[in-house]
K.L.:
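First the structure, then my questions, so here it is.
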Amino acid sequence: MPLELYASASFNRSVRKLGAEQRAVAAQILEALKIYYASGFNLQEAQRKSPRFFYKQLRKPYYEAGVESNLRVIIAREKQICTALLAGNHDQIRRFLAGV
């Protein structure tokens, strides 16, 4: 069963703070995530849409996804529900993880 992806209010706030180019990258990450989840975690399927797409576990239940540059998206995964929590750079991700 494919995972469902949702965007939290905190994610939407973090995206609003980004410039237009970074917002486009965040949208590209979300599209690649949807393909990745719908394909049953097939990385090659997601990389057809975004060749540099990556997805890795940071610590349960947090995962990180990205496609290029230094913009990353943090996802909390609980069973079949995935929630995008933050779009930011490496330092912002590290601060987020230190606070949870």
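By convention here, the first residue in the shown sequence is residue 1. Here the structure is a predicted model, which is why all the values come from computation and not from measurement.
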K.L.:
For the OH atom of Y63 and the CD atom of Q57, what is their distance to the nearest 0.5 Å?
P.N.:
4.0 Å

K.L.:
Name all pairs fulfilling the salt bridge (Lys or Arg N to Asp or Glu O under 4.0 Å) condition that reach into residues 83-100, sequence neighbours left out, sorted by first residue then second.
P.N.:
D91-R94

K.L.:
Once ring-ring contact (aromatic ring centres under 6.0 Å, His included) is applied, do any residues pair with F11, and if so which ones, sequence neighbours excluded?
P.N.:
none

K.L.:
Between CD1 of I81 and CG of L5, what distance do you get to the nearest 0.5 Å?
P.N.:
10.0 Å

K.L.:
Check the side chains of E64 and Y62 for a donor-acceptor pair under 3.5 angstrom, ignoring hydrogens and angles.
P.N.:
no

K.L.:
With side chains defined as the heavy atoms from C-beta onward, is the minimum distance between L86 and I93 less than 4.5 Å?
P.N.:
yes

K.L.:
Starting at NE2 of H90, measure out to CZ of R72 and round the result to the nearest 0.5 Å.
P.N.:
8.5 Å

K.L.:
For residues 10-28, pull every pair meeting side chain to side chain donor-acceptor pair (under 3.5 Å), keeping only residues two or more places apart or in separate chains.
P.N.:
S8-S10, Q28-S50

K.L.:
Test L43 against F54 for side-chain contact (heavy atoms from CB on, under 4.5 Å), laying out the working first.
P.N.:
CA-CA 8 Å; L43 188 60; F54 68 88; 5.9 Å; no

K.L.:
If you take all heavy atoms of I75 and A65, which pair is closest and at what distance?
P.N.:
CD1-CB, 3.9 Å

K.L.:
Between Y36 and Y55, what is the ring plane arrangement, given parallel below 30°, perpendicular above 60°, and tilted in between?
P.N.:
tilted

K.L.:
Compare every heavy atom of L71 with every heavy atom of A26, then report the nearest pair and how far apart it is.
P.N.:
N-CD2, 3.6 Å

K.L.:
Can you give me the closest heavy-atom contact between A84 and V73, atom names plus distance?
P.N.:
CB-CG1, 4.1 Å

K.L.:
Is it the case that one hydrophobic cluster holds both I29 and L3, taking links as side-chain heavy atoms less than 4.5 Å apart, direct or via other members?
P.N.:
yes

K.L.:
Rounded to the nearest 0.5 Å, how far apart are CG of L33 and CD1 of I35?
P.N.:
9.5 Å

K.L.:
For residues R77 and F41, report the shortest heavy-atom separation together with the two atoms involved.
P.N.:
NH1-CE2, 3.6 Å

K.L.:
Hey, is the main chain of N89 close enough, under 3.5 Å, to the side chain of Q92 for a donor-acceptor pair?
P.N.:
yes

K.L.:
Of the non-hydrogen atoms in R52 and V67, which two are nearest, and what is the gap between them?
P.N.:
CB-O, 2.7 Å

K.L.:
Nearest 0.5 Å, please: how far is CD1 in I74 from OG1 in T83?
P.N.:
13.0 Å

K.L.:
Atom SG of C82 and atom OH of Y6: how far apart are they, to the nearest 0.5 Å?
P.N.:
10.0 Å

